[in-house]
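What follows is one structure encoded as structure tokens, with my remarks underneath.
Every number for a ligand or one of its atoms is a count from 1 in the order of the listing. Just the heavy atoms: all of them, side chains too, but no hydrogens, waters or symmetry mates, feed the values below.
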Amino acid sequence: MKLTHIIPLIFITIFSVSCSTDNDDNIVNELDNLIKVQNLSNDKHTIELYTTSGRFYTGYNTISVRIIDNATKSYIENASIDWVPVMQMPTMQHSCPKSEVSKASDKETLYEGYIIYQMTNTDGSGWSLTINYTIDDVEYTVTDTITVLQNELQNVSSFMGSDGKRYVVALIEPSNPIIGINNLVVGLYTMETMMSFPVVEDYTLTLDPRMPGMGNHSSPNNTDLSFNSIDNMYHANLSLTMTGYWILNLKLIDSENTVLKGEDVTEENIQSSLYLELEF
Ligand SMILES: [Cu+2]
């Protein structure tokens with residue numbers, strides 16, 4: 001057995017032994033595939049934030065949350081939680097699209113939701129996260145700075161539409177693209193105020209995936225993105241005929257058929273001004 005295999009084993013062994021005396025063994029298992037990003041603490045509670053990567057990146061982040069009582073070290077299972085991500089810019093501050101935070105299905109201690117950071121500073125700075133939560137009718141709050149790293153590929157786009165409104169478009173699925181037809185899921189939000197980014201319903205996003213490295217070829221059997229009122233997101237069939245780097249060219253069209261952003265891909269215009277990137 002290689003040393004690199006033995007070291008993790010030793011850690012797992014030590015960890016299991018040290019945990020075997022408390023009753024949280026099954027709760028530790030709730031963290032399957034999750035890595036802690038950081039803790040937010042006040043004098044009563046510690047809020048643990050988890051993602052699958054252990055980081056926050058620009059774009060769509062599924063985030064899991066646990067609350068620990070600092071005094072009893074037990075997990076709070078009956079909290080109601082709200083979160084407010086804020087980016088401090090030189091002259092103003094703004095938030096970003098986000099979901100509500102709800103109890104994760106079939107989990108005792110985990111709450112979850114998503115936040116779509118539409119931008120960050122090059123060093124990952126700029127964002128803070130406030131968690132407001134209520135336990136047994138008592139309100140608490142905690143705020144701290146967080147680090148949001150720039151995602152390598154453009155998985156989110158923030159722009160002004162021809163209607164003068166600001167929009168955010170974010171890639172949500174496929175997180176693991178395949179050769180063939182992928183279920184493409186995209187979030188569309190409008191910047192109503194600096195702090196409010198409601199879902200935009202019943203618009204359309206046309207889809208034209210291209211491989212710029214290979215003569216800008218497209219693929220067959222794609223469909224345009226349409227709104228799904230069950231998950232409040234936009235869905236389409238995304239056809240990827242080979243692995244590599246793809247640009248998903250989009251056009252945002254409102255319910256009156258007005259193009260708000262983006263252009264057709266032609267011989268002269270190789271890329272829409274509204275696009276998302278994907279590589280696999
Ligand atoms: Cu900003």
Side-chain angles (χ1 to χ4, degrees), residues 36-40 47 49-65 81-101 112-133 141-173 175 185-201 203 205 232-234 247-252 254 260-262 271-278:
K36 188 185 282 181
V37 181
Q38 74 179 74
N39 291 337
L40 309 179
I47 317 294
L49 305 173
Y50 293 89
T51 65
T52 51
S53 65
R55 303 279 178 91
F56 293 136
Y57 287 97
T58 50
Y60 177 87
N61 294 257
T62 303
I63 302 169
S64 299
V65 177
I81 303 176
D82 184 31
W83 50 17
V84 186
V86 174
M87 185 182 193
Q88 186 63 50
M89 306 280 288
T91 56
M92 53 89 165
Q93 53 180 25
H94 64 84
S95 187
C96 61
K98 60 177 185 171
S99 69
E100 296 180 341
V101 187
E112 65 184 10
Y114 68 81
I115 297 178
I116 298 171
Y117 306 106
Q118 70 275 52
M119 60 191 298
T120 191
N121 290 326
T122 43
D123 63 354
S125 71
W127 287 92
S128 66
L129 186 61
T130 299
I131 308 263
N132 299 313
Y133 57 103
T141 188
V142 60
T143 301
D144 207 344
T145 55
I146 55 172
T147 299
V148 177
L149 301 175
Q150 181 68 49
N151 198 64
E152 212 174 305
L153 297 168
Q154 175 160 306
N155 57 2
V156 64
S157 177
S158 172
F159 58 91
M160 173 89 75
S162 61
D163 56 359
K165 295 179 183 165
R166 292 208 66 94
Y167 294 91
V168 176
V169 167
L171 180 65
I172 296 169
E173 291 288 344
S175 40
V185 183
V186 164
L188 174 63
Y189 310 84
T190 186
M191 188 175 188
E192 197 175 57
T193 67
M194 289 295 174
M195 297 306 291
S196 169
F197 293 74
V199 168
V200 177
E201 299 181 9
Y203 285 20
L205 286 147
N232 275 342
M233 289 167 180
Y234 286 75
I247 289 184
L248 312 185
N249 294 283
L250 306 172
K251 273 194 314 181
L252 176 62
D254 72 10
L260 302 180
K261 179 75 176 175
Q271 192 175 319
S272 172
S273 60
L274 177 58
Y275 67 94
L276 298 167
E277 294 175 313
L278 193 148

Exercise. From Ser128 OG over to Asp144 CG, what is the distance, rounded to the nearest 0.5 angstrom?
Worked result: 8.5 Å

Exercise. Taking everything shown except Arg166 itself, do over 12 heavy atoms lie less than 6.0 Å from its CZ?
Worked result: yes

For this session: Answer yes or no as to whether an N/O/S atom of Met119 is found below 2.8 Å from the Cu ion (ligand 1).
Result: yes

Exercise. Say you draw a straight line from CD of Gln38 to OG1 of Thr145; how long is it, rounded to the nearest 0.5 Å?
Worked result: 6.5 Å

Exercise. Is the Cu ion (ligand 1) under 2.8 Å from any N, O or S atom of Gln88?
Worked result: no

For this session: Measure the spacing between CH2 of Trp127 and CE of Met119 and express it to the nearest 0.5 Å.
Result: 7.5 Å

Problem set entry | Heteroatom test (N, O or S) for Met87 near the Cu ion (ligand 1), limit 2.8 Å | yes

